[in-house]
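What follows is one structure encoded as structure tokens, with my remarks underneath.
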Amino acid sequence: MPSVRPYLFHSQSILSPKPRIPKPSNLMCSASSSSSALRRPAVYEVPGLTSSEICRAASDAFARHSTSAAKQRTGAGVAIAWFRNDLRLIDNEVLLQAWAASNVLLPVYCFDPRHFASTDLFSFPKTGALRAKFLLECLHDLKKNLKDRGLDLLIKHGRPEDILPSIAKAFGAHTVFAQKETCCEELQVEKLVLKGLQEVILPQHVQFNPKPVNTKLQLIWGSTMYHIDDLPFDTKSLPDIYTHFRKSVESKSSIRECCKLPVSLGPLPSSGLGEFGGFGSIPSLEDLGLQESKAGLHFIGGENAALGRVSEYFWNKDLLRVYKETRNGMVGPNYSTKFSPWLACGSLSPRYLHAEVKRYEKERLANDSTYWVLFELIWRDYFRLISLKYGNSIFHLGGPRKVVAKWSQDKSLFESWKGGRTGYPLIDANMKELSMTGFMSNRGRQIVCSFLVRDMGLDWRMGAEWFESCLLDYDPCSNYGNWTYGAGVGNDPREDRYFNIPKQAKTYDPEGEYVSYWLPELQSLPREARNFPGSSYIKQIVPLKFDNTTSRQNRFSREKRRQ
């Protein structure tokens, strides 16, 4: 994420200037530390604010994006706001339209058991413990924010197509409002929900329904920075190359302002809750059969935390002004924005980020770094729209381009990659960070993808499904769009994109700071040898496609003999 883009493997520049990597305190032992004194990686909260600072930042944001006027509310009856991947209040058109079309509003969230099943091909947990915990925190925060505006969140466990029709019938809801999604599983759920709602007949005696009617499903676009209706082309003629897409939307489209919610969103339904046993409760991680672990970065879930992170990164620490120079870092919480987990679950609106960037440019400065955050958000839009154009092909082995190639599914090789035991410190450190934090830098994602498909020759879908299981910022459009891109089966003018590990290590981790953070056994080596440890580290599982490590290892051996 990798900054704000969820899983971007597209960077053209692998030779950019050495990034300025923040050096957090208590990061690791010095090179001379003994193995008995090795420290585990410190845990950094993101955002790195106190709870009161988070609340203050969120309150300021809500104040800027709220209105006391209620004249927009012209509807009647009961409407349901079905929350999916839009777990926020600020700039939530689903919530606004549901409120405006009713005089009683019921927010609902469904814990769909399919989200906690296994991935399709390789049977990894579809939602790992770290993302599940982040989701639970987002829901607690959403529930609190809704209560502050006179509502509450009805929590139900089961398939939406079973739950929503029963809720609509019990409350006499005339419409279910929800965010429109683009990928096959989500689209299938939409179809099933619609079918279920068409069987709900609201009786004549229900207020505001003089004739029997069916409950409607109203799907609303709300996940991108550029609204789909404002694009200069339809999805069928969407440019296949990102640069063409970006230049077109930048020159011919505009970004809408964030919609403003009224301060009060109530009332809630006065009857019907008894049938469902009240509003229900958000489960614990243990209820979902999962266990928590902490290391490295710990992202705090919820809209308030997201707003706090924006405030911290843009305004408190003024890091936006140097984002382009630091974005290829790998260590610590502040080399990139870290917005992606909140964007993926919808706790943060991309249009809100656009508004904040523009506010920053007006009040402080505009430079390449401020533009580059928006540049990354356009990538995010692009992959969501590509999923509309190409449908299920983004999940197929040959990708949108229908590339025919032989791929291995060697389980032993894959387990070495997955577990961080390849013998290449830069790969292993990234994979350990992923499994322990649910996050990996954009640079790291590009490198491990290239290694899996180019050096190991493995089926790229194995990597994509493992990312799906682990990543906090997983969403199908960005994840699979980027894996097809990195594997050379997506929309990439460079089909054989290769990231040379020694060159990447020398450029982005020249002193071995990152690898020794996650592989403490390397801390005792000289800094320049940590990425090239030779026999001091585990044996390399495969040779590199383009290997230039031998000369470095021999040079290190000669220098060591001279000492």
Side-chain angles (χ1 to χ4, degrees), residues 1-2 7 9 14 18-19 21-24 26-31 33 35 38-44 130 293-298 327-333 335-336 338 413-452 455-456 463 466-467 470-472 486 499-542 544 549 552-553:
M1 164 160 94
Y7 323 96
F9 305 146
I14 60 173
K18 175 183 173 182
I21 301 176
K23 295 182 178 295
N26 194 32
L27 181 62
M28 61 185 72
C29 297
S30 66
S33 298
S35 58
L38 297 178
R39 302 175 187 173
R40 289 187 173 274
V43 177
Y44 299 95
L130 291 165
S293 63
K294 280 188 179 183
L297 297 177
H298 171 240
R327 65 192 173 92
N328 278 309
M330 302 178 79
V331 178
Y335 61 81
S336 65
K338 304 296 188 297
L413 282 179
F414 179 76
E415 286 297 322
S416 297
W417 180 85
K418 168 186 163 187
R421 299 185 303 275
T422 68
Y424 295 95
L426 193 59
I427 300 298
D428 296 346
N430 273 287
M431 297 309 297
K432 288 184 182 296
E433 179 181 19
L434 174 65
S435 63
M436 295 178 74
T437 71
F439 189 82
M440 188 190 294
S441 70
N442 174 59
R443 178 59 46 181
R445 299 184 199 206
Q446 297 177 80
I447 295 168
V448 301
C449 172
S450 174
F451 182 77
L452 180 89
D455 295 309
M456 301 183 86
W466 182 240
F467 271 33
C470 293
L471 284 171
L472 294 180
F499 285 81
N500 183 284
I501 293 174
K503 182 182 287 186
Q504 295 289 309
K506 184 178 180 180
T507 304
Y508 298 107
D509 191 31
E511 295 185 351
E513 183 180 20
Y514 175 73
V515 295
S516 62
Y517 180 78
W518 289 106
L519 305 170
E521 62 268 33
L522 300 178
Q523 292 176 13
S524 60
L525 297 178
R527 295 180 184 274
E528 67 275 8
R530 290 171 177 175
N531 269 292
F532 309 94
S535 60
S536 300
Y537 189 54
I538 60 177
K539 184 179 179 181
Q540 295 170 348
I541 194 77
V542 293
L544 296 178
T549 61
R552 284 186 61 88
Q553 290 173 358

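Every value quoted in this text rests on a predicted model; they were computed, and no experiment measured them. Reckoned from all heavy atoms, side chains included, excluding hydrogens, waters and symmetry mates.
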Donor-acceptor pair, distance only, cut-off 3.5 Å: does the side chain of [X] make one with the backbone of [Y]?
X    : Y    : value
S441 : M330 : no
T507 : Q504 : no
E511 : R527 : no
W417 : V448 : yes
T437 : E433 : yes
N531 : D509 : yes

Look up atom [atom1] in [X] and atom [atom2] in [Y], then write down how far apart they are to the nearest 0.5 Å.
X    : Y    : atom1 : atom2 : value
L452 : L413 : CG    : CG    : 9.5 Å
D428 : Q540 : CG    : CD    : 10.0 Å
L522 : F532 : CG    : CZ    : 12.0 Å
K432 : I427 : NZ    : CD1   : 13.0 Å
C470 : M436 : SG    : CE    : 12.5 Å
I501 : L544 : CD1   : CG    : 5.0 Å

>> When you compare the side chains of S416 and R421, does any donor N or O come within less than 3.5 Å of an acceptor on the partner?
In response: no
> Any side-chain donor-acceptor pair under 3.5 Å between D455 and Y424?
Replying inline: no
Less than 4.5 Å apart, side chain to side chain, heavy atoms only: is that true for [X] and [Y]?
X    : Y    : result
F467 : M440 : yes
M431 : L434 : yes
Y514 : N430 : yes

Closest contact, heavy atoms only, [X] versus [Y]:
X    : Y    : answer
L525 : P533 : CD1-CB, 3.6 Å
M456 : V542 : CG-CG2, 4.0 Å
S435 : L130 : O-CD1, 3.7 Å
N328 : R443 : OD1-NH2, 3.0 Å

>> Using a 6.0 Å distance limit plus a 45 degree cone around the ring axis, check whether K539 lies over the aromatic ring of Y537.
In response: no
> Regarding R445 and the six-membered ring of F439, is the cationic atom NZ or CZ under 6.0 Å from the ring centre and inside 45° of its axis?
Replying inline: yes
>> I need the single residue from R530, Q523, E521 that forms a side-chain hydrogen bond (donor to acceptor under 3.5 Å, both in side chains) with S516. Which is it?
In response: R530
> Checking side chain to side chain donor-acceptor pair (under 3.5 Å) for the pair R327/S336: CA distance, chi angles, key distance, verdict?
Replying inline: CA-CA 5 Å; R327 65 192 173 92; S336 65; over 6 Å; no
> Under 30°, 30 to 60°, or over 60°: which ring-plane class applies to F414 and W466, parallel, tilted or perpendicular?
Replying inline: perpendicular
